[in-house]
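Down below is the structure, laid out as structure tokens.
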There are 2 protein chains.
Amino acid sequence: MTPRTGPRELDRRSTVPLWSQLRDDLMLRLEGGEFPDRFPGEMELVEVYRVSRHTVREALRRMRQDGLIESSRGRSSVAHPGVISQQLGAMYSLYQELEARGIEQRSELIVADRRTDAEAAERLGLSARTKLVYLERLRLGDDEPIAWDRAWLEPKLAAPLLKLDFTHTGLYDEWQRSAGVRLNGGHERISAVVPTKDQRTLLKMKRDEAAMLVERTGRLGDRPVEFRITLVRGSRFSFSAEWESGRSYQVDVAGAS
Amino acid sequence: MTPRTGPRELDRRSTVPLWSQLRDDLMLRLEGGEFPDRFPGEMELVEVYRVSRHTVREALRRMRQDGLIESSRGRSSVAHPGVISQQLGAMYSLYQELEARGIEQRSELIVADRRTDAEAAERLGLSARTKLVYLERLRLGDDEPIAWDRAWLEPKLAAPLLKLDFTHTGLYDEWQRSAGVRLNGGHERISAVVPTKDQRTLLKMKRDEAAMLVERTGRLGDRPVEFRITLVRGSRFSFSAEWESGRSYQVDVAGAS
DNA sequence: GCCCCCCAAATGACCGGACAACCACCCGCC
DNA sequence: GGCGGGTGGTTGTCCGGTCATTTGGGGGGC
């Protein structure tokens, strides 16, 4: 029987750090479905890739940071199953949390076209006359409205999205699947507002219920590619954060109480 | 010339990792205003703390992740001021940000007494019949109302506070000065609400203006000692956060635009 | 068959070293 | 005064180790 994995070559003359090459290779293999049950151990990687343990640990450290794997003493590393659930901001965590609670999510598409928008274009660093991909949706959880979402996307990257069906999947999942786009940074601004009458009707809100307005810019590398305004029902959304000296402010999104 | 800083001791018998102790110490010194112009280099820290460069780098790595410092080849690390106070929670950063903008802050004391409160007592892990120290204040910035604040505090620790004057200083500053209490952890929950008529009057809010409700529990060690409900004018407060893969979600509080 | 103890294996926490790439600054030259 | 090149200092990238702590499972005793 041949060894399951022969030695693997990394390019030592490249300017790309070894740990980075190692990480890329591991991510590729992970996505390709290798390591279905067991992620290789550090010493194993040292032998296969012929690098020092420090280098392996540096690669694994980054992967851990991105939530791709999880490791702790005594146990070998565990590949994080399924989707890459890295830090994607508050909005993303909201939907994730709802899913974790077993709440069925879907969205109604209201508009999907190309149109110009001065403010959005400016946020994306494009000319005001550029036709942006525009998606307007109403998000529902267990058939109750949760949020009203409008997104303006970079037209070249988002073109494939106009033909898709978002009823049961998220924008980001589809975007990655159809165009390979995965955001890796951004900015969010969250404020409290009183919804207008129309908004209240759309979201089936009672009078005297407030809402959160989330303005969001998503970046791919250092280029903004998404501008998004989401109005979330106040009664179904709140920020929750833990802070501790010596640790960062860990935000968490809580659904309806 | 004597070295500016003598050697510093870390507890090698502790179960807390050296890099963690080092990080904590550096954060403390950073907060205390040391390193006003130059953050110490790696080799310098190696000598001062008598640890290996790996240990230093591990500590700095964590600080980098939390956005406390920034470093790159060739240049020495740069401290990112202000991030530390963000890690004390959103409310704290709000007041700090206002101060940084040169807005004069003061507060009007509405109530300062001892009273029972079932919910607050439960949050503090005390019997519902315990008489808690209660402070109710209206916070103003440039003589305009910003927030209405109610705080229930652990009676033994907060007793000295009842005699003090909070007009021009913050609760935490006074608490530390009079009783040596400095919170080092906690939890915040932020949601959007429509203020009642009374609240609107108190905060001089227009109709159709929403507010943020911040419920906060502050811990001293692992014991909750503060429960606080703050109502902040929506038009003068919003969350702003940067996120980036591999970095933590950095919240920042923006004042009125 | 069940439980407990012990041990192999894994990662975490440390230490030591060397070289490379890069930046800021000073100095000399024009 | 401005421009260019050297040079020292700093962080990034790698290598080599050792010991501690934790986990999970196998084996022995009952």
Side-chain angles (χ1 to χ4, degrees), chain A residues 4-5 7-26 35 37-80 246-247, chain B residues 1 3-5 7-26 35 37-80 246-247:
Chain A
R4 264 176 308 190
T5 56
R8 293 214 151 214
E9 291 292 332
L10 299 178
D11 183 4
R12 274 169 190 278
R13 289 175 320 171
S14 162
T15 57
V16 178
L18 280 178
W19 61 260
S20 181
Q21 296 179 45
L22 173 54
R23 170 170 131 283
D24 291 346
D25 195 51
L26 285 174
F35 326 131
D37 34 67
R38 206 185 70 89
F39 192 81
E42 291 178 0
M43 292 317 290
E44 204 171 323
L45 293 170
V46 165
E47 282 177 26
V48 172
Y49 287 92
R50 308 288 172 135
V51 292
S52 80
R53 191 173 163 220
H54 284 306
T55 307
V56 169
R57 283 180 69 79
E58 181 66 32
L60 296 184
R61 178 154 35 226
R62 306 288 176 136
M63 294 177 69
R64 222 168 5 242
Q65 257 178 53
D66 291 347
L68 291 166
I69 58 169
E70 206 179 283
S71 32
S72 61
R73 238 176 196 156
R75 279 180 15 249
S76 58
S77 291
V78 180
H80 217 269
R247 285 253 300 286
Chain B
M1 180 179 166
R4 263 177 307 190
T5 56
R8 292 213 153 216
E9 292 291 332
L10 298 178
D11 183 4
R12 275 170 189 277
R13 289 176 320 170
S14 162
T15 57
V16 179
L18 280 178
W19 62 260
S20 181
Q21 296 179 46
L22 172 54
R23 186 200 57 187
D24 290 347
D25 195 52
L26 285 174
F35 326 130
D37 35 68
R38 206 185 69 90
F39 192 82
E42 292 179 359
M43 293 316 289
E44 204 173 329
L45 294 171
V46 164
E47 282 177 27
V48 172
Y49 286 93
R50 309 289 172 136
V51 293
S52 80
R53 191 171 164 223
H54 286 305
T55 307
V56 168
R57 283 181 67 77
E58 181 66 33
L60 296 184
R61 179 153 36 227
R62 306 291 176 133
M63 295 178 69
R64 230 176 348 252
Q65 254 179 63
D66 291 346
L68 292 165
I69 59 170
E70 205 180 291
S71 32
S72 61
R73 239 174 193 154
R75 280 184 8 253
S76 58
S77 292
V78 179
H80 242 251
R247 277 275 267 303

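Computed from a predicted structure; not experimentally measured. Below, all heavy atoms of this structure are taken into account, side chains as well, without hydrogens, waters or symmetry copies. Each chain gets a letter, A, B and so on, in the order its sequence line appears, and its residues count up from 1.
- Atom CD in E42(B) sits roughly 12 Å away from atom C1' in dT13(D) (whole-Å rounding).
- Residue-to-nucleotide proximity on DNA chain C shows that, of P17(B) and S76(A), the 5′-proximal contact is made by S76(A).
- Every pair passing salt bridge (charged side-chain N to carboxylate O under 4.0 Å, His left out) that includes a residue from residues 48-61 of chain A is listed here, sequence neighbours excluded: E42(A)-R53(A), E42(A)-R57(A), E58(A)-R61(A), E58(A)-R62(A), E58(A)-R61(B), R61(A)-E58(B).
- If you walk DNA chain C from 5' to 3' and mark each nucleotide with an atom closer than 4.0 Å to a heavy atom of chain B, the marks span dA13(C) to dA24(C).
- Where R12(A) and R64(B) each meet DNA chain D at their nearest nucleotide, the meeting point lying more 5' is that of R64(B).
- Residues satisfying the side chain to side chain donor-acceptor pair (under 3.5 Å) test with R75(A), not counting sequence neighbours, are S72(A).
- For S20(A), the side chain to side chain contact (heavy atoms under 4.5 Å, CB included) criterion is met by V16(A), P17(A), R23(A), D24(A), not counting sequence neighbours.
- Protein atom CE of M43(B) is 15 Å distant from nucleotide atom C1' of dG8(D), rounded to whole Å.
- Regarding E70(B), its CD atom lies at a distance of 13 Å from the C1' atom of dT11(D), rounded to whole Å.
- Residue L45(B) contributes atom CG, which lies 11 Å from atom P of dT10(D) at whole-angstrom precision.
- The two atoms that bring I69(B) and A79(B) nearest to each other are CG2-CA, 4.0 Å, heavy atoms only.
- Partners of T15(B) under the side chain to side chain contact (heavy atoms under 4.5 Å, CB included) rule, at least two apart in sequence or in another chain, do not exist in this structure.
- Within a 6.0 Å sphere centred on CD of E47(A), other residues, nucleotides and ligands contribute 12 heavy atoms or fewer.
- For Y49(B), the ring-ring contact (aromatic ring centres under 6.0 Å, His included) test picks out no residue, with sequence neighbours left out.
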Shorter than 3.5 Å, N or O on both sides, protein versus nucleotides 17-26 of chain D: list them out with atom names.
none

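- Between the P atom of dC15(D) and the CZ atom of R57(A) lies a distance of 14 Å, rounded to the nearest Å.
- We find that CZ of R50(A) is positioned 12 Å from P of dC15(D), with the value rounded to whole Å.
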